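Order of the sequence lines fixes the chain letters, A, B, ..., with proteins taken first and strands second; residue numbering starts at 1 for each chain. Side chains included, hydrogens not; waters and symmetry mates left out as well; all remaining heavy atoms used. Nothing here was measured: the structure is a model prediction, and the numbers come from that model.
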Amino acid sequence: MVRAPIIAPFRKLMTTRSKPTIVWFRDDLRLTDQPALHAAVTSGRPVLCIYIFDQVSEGVRPLGAASRWWLHHSLASLDDKLRTIGGRLFLFQGATEAVVAALLRTGIEGLMFNRRYQQAERRIDDAVVDLCRREGVAVEDFVGSVLHEPWEVIPKTGGFYKVFTPYWRAAVAHGPTLPPMGVPGPMAKSAPGPRVEGGPVALEELGLLPEISWDGGLCDTWEPGQDGAQRALDLFLREKVESYATDRDRLGVAGSSRLSPHLRFGEISPREVIAALERRAGSSAEKFAAELGWRDFNTALLFHVPDLSTAPFHKSYARFPFTKLTPAALAAWQHGRTGYPVVDAGMRQLWQIGTMHNRVRMITASFLVKHLLADWRIGERWFWDTLCDADPANNPLNWQWIAGCGNDPVPYFRIFNPVLQGEKFDPDGAYVRRYVPELADLPDRWIHKPWEAPSDVLVKVNVVLGKTYPAPMVDHAKARVRALDALRRHRETLDRDQA
DNA sequence: TGCATCTTCTG
DNA sequence: AGAAGATGC
């Protein structure tokens with residue numbers, strides 16, 4: 001371990017004052033409903049708020065580019081918020097254990113944090129707890145950003161839930177989640193950030209922002225941070241939640257809550273969202289509450305089966321003969337040039353604004369794993385890099401679900417038809433027109449299948465298939481039959497193995 | 001949180 | 001002919 005130099009005059013300063021308690025922020029970048037911060041501030045001791053940007057510890061999955069962009073702005077916002085209660089945020093980078101060890105040597109009273117639920121992160125946290133105990137530093141951890149912790153909702157027969165519906169029934173029966181805490185009062189004057197190896201560093205030094213500025217669409221779309229999260233929640237409750245159950249499926253309508261990246265970084269807790277929802281009963285509110293349940297369910301599943309982000313839940317799929325995509329085919333999917341308008345609109349929405357309508361996530365993912373027969377991990381990695389809400393549990397598990405290798409997956413024969421899905425959920429083509437502007441003038445009738453439009457129509461709207469917009473990269477009917485054959489064969493192999 | 005195809009019913 | 005329902009992948 002690297003021994004960090006301790007600056008002598010600073011140490012003297014520390015010993016003459018009461019030692020600070022560290023509040024270690026992680027995926028909980030908020031002041032509201034923040035148990036660790038609340039406990040530290042109400043103790044009346046000096047509080048030192050820190051964040052450690054750790055991409056190097058064993059097993060930690062490096063953040064994708066969109067998540068890095070989000071984190072940058074979220075950290076800036078958290079620092080602003082902390083200043084409103086007399087604190088500020090000190091940033092460090094490097095291996096967590098080394099940074100914490102160095103900090104402890106500067107004289108620390110205690111360490112507080114809210115729990116995480118992924119394997120690598122829990123190993124780090126356990127090591128930090130051990131470190132504190134060895135050094136005689138009081139350490140306290142609190143419930144993380146979930147409604148229920150993974151070990152709280154388990155079947156009577158033991159093990160863990162593999163199907164959402166029984167999980168959610170049990171979670172609801174388990175009783176109400178903790179009422180969210182408010183913002184703690186002003187904190188004791190914040191201790192200065194001790195200088196150690198790894199920090200404190202300026203936000204810019206973390207290098208989270210893109211080097212070439214591709215983030216214009218993200219900047220125009222999102223307001224990372226606690227205030228943005230609260231605003232999104234207010235807007236959702238005011239204008240969207242009533243019709244959520246129906247509007248969420250309409251691609252051209254902004255019917256979703258847009259809370260997912262805020263929840264991912266813990267800028268708002270699901271307990272706060274539930275508390276706000278409970279003031280308004282109704283089936284739409286319940287539908288939305290269940291969506292929060294999905295987040296917990298996936299978190300719990302990953303907790304119980306740590307390799308789910310890379311390994312199929314159904315092990316037989318490790319041997320599935322995926323098609324190796326050509327670089328051109330992969331790029332066509334990634335950048336929205338498949339020739340299927342609704343698929344291309346979704347992939348371009350993702351690239352431009354770091355999110356994608358949930359139904360379109362299913363359509364585009366299904367296209368990659370069924371029409372192109374690609375390994376779901378290829379798509380998972382792309383989403384991980386481009387989604388602002390890329391979540392270590394939700395992203396891989398949703399991909400496993402659509403690929404058919406997950407716990408409780410879609411049946412293998414369920415293959416989305418991108419034309420029918422477009423016609424059903426984007427009947428006026430508003431979504432396609434927004435993200436595939438070269439098709440904007442096509443009449444509704446052809447907007448989801450330009451290759452069927454009569455040539456005089458195409459001429460009139462300046463569409464030349466293969467030039468201004470790609471011809472379909474695969475034929476839906478043929479690709480569907482090919483996928484059904486491959487998946488059925490795979491299934492027969494399975495049955496034979498088991499027999 | 002599907003799709004395609006077949007059957008039956010109705011005008 | 002076309003809607004509506006049933007069925008297998």
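- We find that NE2 of A/H357 is positioned 16 Å from P of B/dT1, with the value rounded to whole Å.
- The shortest distance between the side-chain N/O atoms of A/Q421 and the OP1/OP2 oxygens of B/dT1 is not below 4.0 Å.
- Residue-level contact check: A/R359 touches the bases, meaning some heavy atom is under 4.0 Å from a base atom.
- Straight-line distance from the NZ atom of A/K424 to the P atom of B/dT1: 10 Å, rounded to whole Å.
- A donor-acceptor pair shorter than 3.5 Å cannot be found between the side chains of A/Q226 and A/S77.
- For the OP1/OP2 pair of B/dA4 and a distance below 4.0 Å, the side-chain nitrogens and oxygens of A/N417 include at least one atom meeting the criterion.
- Following rounding to the nearest Å, A/R491 (CZ) and C/dC9 (P) show an atom-to-atom distance of 11 Å.
- Inspection of the A/T96 and A/D54 side chains reveals an N or O donor paired with an N or O acceptor under 3.5 Å.
- Spacing between atom OH of A/Y340 and atom P of B/dC3 amounts to 13 Å, rounded to whole angstrom units.
- Between B/dA4 and A/H476, a contact under 4.0 Å exists linking OP1 or OP2 to a side-chain N or O.
- Residues A/R30 and A/S145 have side chains that bring a donor and an acceptor to within less than 3.5 angstrom of each other.
- Rounded to a whole Å, the CZ atom of A/F413 is 13 Å from the C1' atom of B/dA4.
- Atom pair A/H448:NE2 and B/dC3:P shows a separation of 13 Å (rounding to whole Å applied).
- Closest contact between the side chain of A/L420 and the listed nucleotides C/dC9, B/dT1, B/dC3 involves B/dC3.
- Between A/D426 atom CG and B/dT1 atom P there is a gap of 21 Å when expressed in whole angstrom units.
- Atom-to-atom, CD of A/E423 to C1' of B/dG2 comes out at 15 Å; the value is rounded to the nearest Å.
- With a 6.0 Å radius and a threshold of 12 heavy atoms from other residues, nucleotides or ligands, A/K315 has its NZ atom above the threshold.
- Residue contacts shown for A/I415 are limited to sugar-phosphate atoms, with no base heavy atom under 4.0 Å away.
- There is no side-chain donor-acceptor pair under 3.5 Å between A/Q352 and A/W214.
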